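Everything below concerns the one structure shown next.
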Amino acid sequence: LHGSAKPGLRYSVSDWDTSNKQISDTAEHRRHMSHKTRQEGRTLRNETTSKTNWDKSDSSRRLSDRIWDISCWRETLESCIQEVEKEMDALTLGKEETERALAATAVPLEVTVECLTLRDGRRGNELVSDPVEAQLKKEVEMIDGAQRVLQQRIDKAFEQLCLLQESWQQLTHDLQNKMEAQDIDLSCLSLTVTSPEISLKPNPLRIPIGSTTPQQWEQFSQYNVARAQEEMQASLQLREDMSVTRVQLQNELDAQRIATVFAIRKRTHHLEQARDETQWQMKSSQDEISDMESDIRSLEDDLQAKMAPLKLVHTRLENRTKRPGVDLCRDEVQYGLVDEANQLEATILSLKQKLAQAQYSLQALQLHQAHMGEDLSRKQDALSLEQRSLETRGRLTSAAFTDVSSGAVVPLTNSSGRHNLELA
């Protein structure tokens, strides 16, 4: 069977040599390609290792630079926050001083209104619109105006405190965010390839919602600082305005208070002069009344004394009418008695007329004396009211509205502190 088997395909020697050469060439080529691949792999490993190390180092440097930038802004924000807090404290103090100044105007207003009310108690012709009344009304208007101005300053200070508080909160929020960002960057800077907490993350190259550019990041803090500085400048100007307003109003009210007191003292002096004049006139009139009453008594006595001579002459004339016959003669005696009677009648009539005039004059003196007594009473009452007004105004010497440092004053409106403000 073997001998009868058909022999396989046979190759020539040249084919065999060619096949061997091809195998050798292919092996050599494969080795060359393998060597080249190994060389390129080594080069790539070196390059990628260098690139990776460089990128890691560059990222660490960038993180360090970023941390430094954040640190600089942290210092700027912290400094600005401290300045805002100081300005808020200063503005709060100025506002409280203005509130105390406003509260201190209550006593002067009360005193001035009380003086006006007291002087309304004057009677008769003493109830005059004099310079005192004009000064008191002017003082009331000045105090009302001062209260309005001070209240406006207080309201403005409260609004400015709200703006400062809002700016302070914005700065604080910005600072907290930067502190948190710095902590994160510091944590990232501390990570190494051997850190146990490193791991692959899903989609780490995504851009988070709300991301900003470096320019926006810096502009945001710049805006916060600039706004805070602007509000602090406005607060400083407002504090200066409040201080100037308090001093100016105090000076104006002091000047008006002095003018009012001067007017009251001047009016009091005039009233004293008028009272003294009235008292002197009453004393003189009373002396005249006494003299007139004495003279009236003398006239009455003299008139009474004329009745006996009149009776005598009447009796003589009547008795001589009884003479008989021709002895009823109109002789010298008759003419003398008639002349005497006529003279006595005329004298009595003259005395009666003068007595009536004296009684009328006495009545007029007594009536005017009573009128002067009433007028004196009104003047004394008016003088007493002026003196009471001066005593009442004595309360102002201890109530000057800039000297209200005693602490038990309740602010009238919007008492504030930095931490008690509520923003809408």
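Predicted model, so just to flag it, every value in this text is computed and none were measured.
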Least distance between heavy atoms, [X] atom then [Y] atom:
X	Y	result
S64	L189	OG-CD2, 3.7 Å
L355	I296	CD1-CG2, 3.5 Å
S285	Q369	CB-OE1, 3.2 Å
L299	L351	CD2-CD2, 3.9 Å
G94	R246	O-NH1, 3.5 Å
E133	V128	OE1-O, 3.4 Å

With a 3.5 Å cut-off and no angle check, do the side chains of [X] and [Y] form a donor-acceptor pair?
X	Y	result
S167	E231	no
Q237	D241	yes
S79	E75	no
Q182	S71	yes
E277	Q281	yes
R153	T98	no
T192	S195	yes
S12	D15	yes
D254	Q250	yes
R267	H270	no
Q170	R227	no
Q39	K36	no

Value rounded to 0.5 Å, distance of [atom1] in [X] from [atom2] in [Y]:
X	Y	atom1	atom2	answer
M88	I81	CE	CD1	11.5 Å
E85	E83	CD	CD	10.5 Å
T268	L390	OG1	CG	5.0 Å

Within the structure provided, determine whether [X] and [Y] are in side-chain contact (heavy-atom separation under 4.5 Å).
X	Y	value
L164	S235	yes
T92	E96	yes
K354	D295	no
M282	Q279	no

Inset, instruction - Report the C-alpha separation of Q256 and T260 in whole Å, then their side-chain angles, then the decisive distance to 0.1 Å, and conclude whether the side chain to side chain donor-acceptor pair (under 3.5 Å) test is met. - result: CA-CA 6 Å; Q256 181 57 41; T260 302; 3.2 Å; yes
Please determine whether the number of non-hydrogen atoms from other residues, nucleotides or ligands lying under 6.0 Å from atom [atom1] of [X] exceeds 12.
X	atom1	value
H173	NE2	no
K156	NZ	no
Q22	CD	no
Q273	CD	yes
R30	CZ	no
Q216	CD	yes
E288	CD	yes

Can we say [X] and [Y] salt-bridge, meaning some charged N sits less than 4.0 Å from an Asp/Glu carboxylate O?
X	Y	value
D58	R62	yes
R148	D144	no
D301	R297	no

Inset, instruction - Have a look at D381 and tell me which of R123, R388, R122, R119 forms a salt bridge (charged side-chain N to carboxylate O under 4.0 Å, His left out) with it. - result: R123
Legend entry - Stepwise side chain to side chain contact (heavy atoms under 4.5 Å, CB included) check, V247 with N251: CA-CA 6 Å; V247 173; N251 292 337; 3.6 Å; yes
Inset, instruction - Evaluate the side chain to side chain contact (heavy atoms under 4.5 Å, CB included) criterion for residues M232 and Q229: first the C-alpha distance (whole Å), next the side-chain angles of each, then the deciding distance (0.1 Å), finally the verdict. - result: CA-CA 5 Å; M232 285 190 290; Q229 291 174 344; 4.1 Å; yes
Legend entry - Test log, rule side chain to side chain donor-acceptor pair (under 3.5 Å), inputs D155 and Q151: CA-CA 6 Å; D155 294 341; Q151 186 60 59; 3.0 Å; yes
